[in-house]
Amino acid sequence: MPVNPAGLEWVQGLLFIVIVVLTLILVLRQVAEAKSMQGQSQERRFYTIIDCGGKRVTREYREGDYVGKSVEGECGGAAGYIVGIYAEEAEKPKSRGLLR
Amino acid sequence: MAEQAPGTGLADWIQAISQLLLLIIFIGLFMGLNQRIQIYMWSRDIRAKLVILEGMASEARKKTLDYMVAQGARNPESLLSRILDFFVIMPVDIEPVDIIRRLDHLINVRRRRFKEEFEAALPDADPVARSRAETAAEIAGALNLIYKVVRHLLITGEKTRNWILIMQLQLIMPMVMRLADTYRKALNDFLKGVPIGDAAGPIVALRLAGPNAKWVRIDEETVAAETDFEGRRLVLVKAEGPMSTVGRPGAATERLVKRLVEEGRKPSLMITVDAALKLEGEETGSVAEGVGAAIGDIGPEKIRFERVAAEHGIPLRAVVIKMSMEEAILAMNKKILDGVEKAVERVKDIIRRETKPGDTVVVIGVGNTAGVGQ
């Protein structure tokens with residue numbers, strides 16, 4: 001009496017779906033990895049620290065600032081000088097899935 | 001006679017084809033098919049990343065060109081094409097007798113060549129802008145080299161079917177991509193003119209000198225100033241900013257110490273301050289002290305510190321501010337700036353402990369002075 005394979009057809013279909021889904025996940029993962037390396041850099045902000053006669057004041061960086069530069073009019077009339085310039089990263093945007 | 005159920009003919013075909021495919025795959029595995037599939041997948045992944053590397057190299061080249069054009073450069077395309085592929089051949093090392101002199105000579109020739117090329121291309125630009133263009137060209141050159149080396153290894157591996165080479169390349173690709181991305185970000189920071197992590201040493205020297213110090217050029221792109229600290233005479237040395245340069249701290253210090261000795265003011269102590277690579281797990285901005293010349297030079301400058309200290313019997317101490325490689329070439333962050341403050345205090349402690357009032361101390365702030373003036 002021949003075995004009726006009709007009852008096992010769903011296994012082949014299931015296997016096919018599993019392979020397609022796995023392939024899709026691998027491709028999407030590679031796309032996401034490539035996207036993340038394409039320079040989606042975080043925005044950074046730059047700050048300048050000024051020494052006003054012992055008191056330190058921080059403001060946004062301006063073009064032309066450099067450490068050691070004397071600055072006028074930023075210490076309430078008194079002279080000051082720049083003691084530091086640093087960068088701070090903005091908050092990371094929340095991840096919205098594999099494609100982002 | 002039993003009849004076949006409808007649709008079972010197709011199922012039989014699918015089953016037969018599946019079994020045939022499985023047999024082919026099984027035989028293929030014995031004949032190295034798995035290896036070929038693996039090489040194909042790795043190669044495809046490396047190629048995808050190569051496209052990104054090429055993009056980074058092109059972007060860097062374009063940004064450098066745009067900056068040079070904005071500064072009124074003459075024939076920037078021609079200059080950049082030559083600079084991107086510029087090379088230095090290391091001296092013969094099987095004969096080590098005068099290797100330092102030969103290496104120093106080659107490095108000086110390269111430095112002078114770059115300077116003259118950029119002076120000719122940017123005659124109307126100020127030295128700061130010219131130095132930024134030079135550094136930007138070097139970064140563009142580095143990105144170009146990374147792209148070409150990865151491409152070379154991939155093509156070599158494919159041509160020779162060397163799966164080990166391709167596997168090794170695939171395994172190091174995350175590190176290579178990270179390095180390339182760091183260079184890409186660093187280019188923006190250098191063009192902006194902000195201090196980078198490597199400027200920690202010069203900022204320590206600047207902080208010790210104080211805002212009223214008079215800085216004098218003592219060597220090529222290197223300056224020095226004198227000040228007093230708790231009865232000691234401090235002589236500070238650093239590169240001349242806010243140009244993007246590391247100066248010649250070794251040659252300058254050698255000349256300076258010889259002059260001080262002739263004047264009867266032999267230094268009692270020499271302290272070099274520099275950025276140092278931290279180990280993973282270490283805190284950025286942490287400070288450590290030690291003995292020796294803290295300088296990331298390949299030989300000629302470092303040996304001058306060592307020789308002048310040994311010749312005159314001057315203790316040579318080192319203070320380092322720890323950071324990662326990325327942090328060293330990107331814009332300085334707050335942790336490193338805090339580390340600078342700690343390093344200043346550490347240097348002061350060393351001076352208090354190891355010298356007495358009336359002594360002369362030479363402190364050298366080693367590093368790039370982009371965004372750090374005097």
Side-chain angles (χ1 to χ4, degrees), chain A residues 1-13 15-16 19 23 26-27 29-54 56 58 60-71 79-89, chain B residues 2 4-8 10-12 14-15 18 41 44-45 48-49 51-53 55-56 59 128 173-174 177-178 180-181 184-185 188-189 192-197 199 202-203 206-207 209-213 215 241-242 330-338 340-341 369-374:
Chain A
M1 197 166 172
V3 173
N4 184 359
L8 296 174
E9 274 175 1
W10 65 272
V11 176
Q12 284 168 343
L15 264 172
F16 177 73
I19 288 167
T23 310
L26 282 169
V27 166
R29 190 174 151 267
Q30 239 183 353
V31 166
E33 208 181 298
K35 262 190 178 258
S36 75
M37 286 308 303
Q38 267 170 3
Q40 288 177 338
S41 53
Q42 294 165 280
E43 206 180 298
R44 286 178 302 162
R45 300 186 74 168
F46 296 88
Y47 298 95
T48 299
I49 302 176
I50 300 170
D51 185 299
C52 295
R56 299 264 168 111
T58 303
E60 295 256 346
Y61 171 81
R62 285 175 208 156
E63 183 75 34
D65 280 351
Y66 61 83
V67 179
K69 182 182 183 185
S70 297
V71 287
Y81 69 99
I82 296 175
V83 292
I85 297 169
Y86 67 94
E88 232 175 47
E89 303 231 336
Chain B
Q4 270 191 329
T8 54
L10 181 62
D12 286 340
I14 291 172
Q15 204 170 14
S18 305
M41 286 173 65
R44 211 183 61 174
D45 188 49
K49 293 191 166 92
V51 169
I52 297 169
L53 286 175
M56 287 185 189
E59 185 195 343
V128 176
M173 279 314 287
M177 296 306 291
R178 194 172 142 188
D181 196 44
R184 185 185 60 80
K185 288 181 197 167
N188 296 330
D189 292 341
K192 200 175 177 76
V194 292
I196 59 171
I203 295 179
L206 193 64
R207 200 63 63 79
N212 303 317
W215 292 86
L330 292 177
M332 189 175 281
N333 60 39
K334 191 69 173 53
K335 283 185 180 177
I336 296 172
L337 204 50
D338 293 341
V340 164
E341 304 292 342
T369 47
V372 180
Q374 53 273 332

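What you see below is based on every heavy atom in this structure, not just the backbone, and it leaves out hydrogens, waters and symmetry mates. Convention: sequence-line order gives letters A, B, ...; per-chain numbering from 1.
Applying the 6.0 Å contact sphere to CZ of R56(A) captures more than 12 heavy atoms from other residues, nucleotides or ligands.
Residue contact with chain B, scored on non-hydrogen atoms closer than 4.5 Å, involves the side chain of Y61(A) exclusively. Only the side chain of I49(A) has a heavy atom closer than 4.5 Å to any heavy atom of chain B.
Between F46(A) and V194(B), some side-chain heavy-atom pair lies under the 4.5 Å cut-off. Counting heavy atoms from C-beta on, the side chains of I85(A) and M332(B) never come closer than 4.5 Å.
The structure places OH of Y66(A) at 7.5 Å from CD of Q374(B), a figure rounded to the nearest 0.5 Å. In this structure, OG1 in T58(A) is found 7.0 Å from NZ in K334(B), a value given to the nearest 0.5 Å.
Taking chain A as the reference chain and counting heavy-atom pairs below 4.5 Å, the highest number among I203(B), T369(B), D189(B) is found for D189(B). The greatest number of non-hydrogen atom pairs below 4.5 Å with chain A, out of I336(B), V128(B), L337(B), is found for L337(B). In terms of heavy-atom pairs under 4.5 Å with chain A, the best-connected choice from G371(B), G55(B), A331(B) is G371(B).
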| Hey, mind stepping through R207(B) and V83(A) against side-chain contact (heavy atoms from CB on, under 4.5 Å) and telling me if it holds? | CA-CA 8 Å; R207(B) 200 63 63 79; V83(A) 292; 3.9 Å; yes
| field | Trace of the salt bridge (charged side-chain N to carboxylate O under 4.0 Å, His left out) decision for K335(B) with E89(A) | value | CA-CA 12 Å; K335(B) 283 185 180 177; E89(A) 303 231 336; over 6 Å; no
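For the side-chain hydrogen bond (donor to acceptor under 3.5 Å, both in side chains) test, residues two or more places apart in sequence or in another chain that qualify with N188(B) are K63(B). Taking the salt bridge (Lys or Arg N to Asp or Glu O under 4.0 Å) definition, one finds that K192(B) meets it with nothing, sequence neighbours left out.
When all heavy atoms of K185(B) and R44(A) are compared, the pair lying nearest together is O-NH2, 4.1 Å.
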